[in-house]
Amino acid sequence: MSQRQITFEILRYDPETETEPRFQAYCVPCEEEWVVLDALNYIKDTLDGTLNYRWSCHMAVCGSCGMMINGEPMLSCKAFIRDLPAGTIKVEPLYHFPIERDLVVVLDDFMDKLESVKPYVIPKKQRPIEDGPYKQTPKQLHQYQQYSMCINCLLCYAACPQYGLTPEFIGPAALALTHRYNLDSRDKGRRQRQEVVATHEGVWECSFVGACSEVCPKDVDPAGAIQQMKIASTADWYLEHLMPWRRS
Amino acid sequence: MAKSNKPIVWGLFAAGGTVCAFVIPVMILITGVLLPLGLFGPPEASYESMTRIVSNPVVKIVLFGILFLALWHAAHRLRITVHDFGIRNDQLVARAVYGFAGLFSLIALVTLLSF
Ligand code: SF4
Ligand code: FES
């Protein structure tokens, strides 16, 4: 196994005691098969125990280790060091979110937005347990499966220039999940979700830059979901305004 | 939060995008390449036949639809691009670009009606 000495420039910030973030450099002996998260763990274990960052699964499942690596939003457990350009590796917390401590960001804004779109199955009528489960064909599952792969890593929010410019924007992942439930054959909650989706802060803030779909580690394609919802919302708008009697 | 009225402008933008993608290349091919190459006969004769085609009211309506949607699409695209560059004066930009699209749609209309 070949080892390489690599310098990591890591953003450090404690909003309670410091006025401004700063970069701290660490020299790490990296193994060939390491990802950036391995280097962070090495720093935490042997060089500097005060470094803060989130992680859990180390296998691109939990979605907690997202950070900016050389300015790109990535899962640090999926970012192989050998795939990055040679030289210093810069690590920062996800853009567009307030910093809680070092590489840890405050997620409250996203959580509130996610809640606002009711990301759960809203059946037409609650069935009693005796009636058994809601059944679904593989085809019906396929309708929304892609959008259900989201791990809430928020790389898409860090990549989205619109979210950066307009923090009120509901944003890619929450909208992709909205679409996921709207497409679910067991769900009848689309009308309720439209109250958020069809607003200015909903799909209409999106200008289809497409960066969200590019950085998504799970191929969710939030940009595609948002465009599909724009089409559906446009159809709704014309129906509501040209045929108002249809509104029940 | 109130529902947005963006579907009015976006619906036209989406329709314009479809038109631009499918129809405009064909129109450029016919008027910009095939016609000058003489595929529809010598240029003088083809001018005659073209004006005859354009004087058909149905063709006028279709052509106006294509031109209007393409102009609207371009205007909206420009508005968004300006927004993406961080220029926040959206209302002013919107008025300018849609005004431009409206003006040129009017010119297209007047021109079409003159045939
Ligand atoms: S849509 Fe993709 S990038 Fe965005 S939070 Fe979900 S998994 Fe992450
Ligand atoms: S540690 Fe779980 S996604 Fe990276």
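Since this is a predicted model, take the numbers as computed values, not measurements. Residue numbers begin at 1 in each chain, while the letters A, B, ... track the order of the sequences. Every heavy atom of this structure was used, including side-chain atoms; hydrogens, water molecules and symmetry mates were not.
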Problem - Closest non-hydrogen atom pair between Trp237(A) and Ser4(B), with its separation - result: CD1-O, 3.7 Å
Practice task
Can you tell which part of Tyr238(A) gets under 4.5 Å to a heavy atom of chain B, answering side chain, backbone, both or neither?
Solution key: side chain
Problem - Derivation and outcome, side chain to side chain contact (heavy atoms under 4.5 Å, CB included), residues His241(A) and Asn5(B) - result: CA-CA 10 Å; His241(A) 287 81; Asn5(B) 283 326; 4.2 Å; yes
Handout entry: Crowding at OH, Tyr47(B) (>12 non-hydrogen neighbours, <6.0 Å)
Key = no
Handout entry: Enclosure of Glu18(A) CD (heavy-atom neighbours >12, cutoff 6.0 Å)
Key = yes
Handout entry: Evaluation steps, side chain to side chain contact (heavy atoms under 4.5 Å, CB included), between Trp10(B) and Ile231(A)
Key = CA-CA 9 Å; Trp10(B) 192 82; Ile231(A) 296 174; 3.6 Å; yes
Practice task
Would you indicate whether the side-chain heavy atoms of Lys6(B) and Glu205(A) approach each other to under 4.5 Å?
Solution key: no
Handout entry: Thr199(A) backbone acceptor or donor facing Lys3(B) side chain under 3.5 Å
Key = no
Practice task
For residues Pro7(B) and Ser233(A), report the shortest heavy-atom separation together with the two atoms involved.
Solution key: CG-O, 4.1 Å
Exercise for the section: Please flag which part of Gln194(A) lies under 4.5 Å from any non-hydrogen atom of chain B: side chain, backbone, both or neither. Expected result: both
Fill in the blank from the handout: Under 4.5 Å to a heavy atom of chain B? For Val197(A) that would be neither
Handout entry: Side-chain touch Arg88(B)/Thr166(A), heavy atoms, less than 4.5 angstrom
Key = yes
Fill in the blank from the handout: Rounding to 0.5 Å, atoms CD1 (Ile87(B)) and CG (Leu165(A)) come to a distance of 11.5 Å
Handout entry: CD (Glu115(A)) with more than 12 external heavy atoms under 6.0 Å
Key = no
Handout entry: Considering all heavy atoms, the nearest Ile80(B)-Ser207(A) contact
Key = CG2-CB, 3.0 Å
Handout entry: Pairing residues for Asp187(A) by the side chain to side chain donor-acceptor pair (under 3.5 Å) criterion, not counting sequence neighbours
Key = Arg193(A)
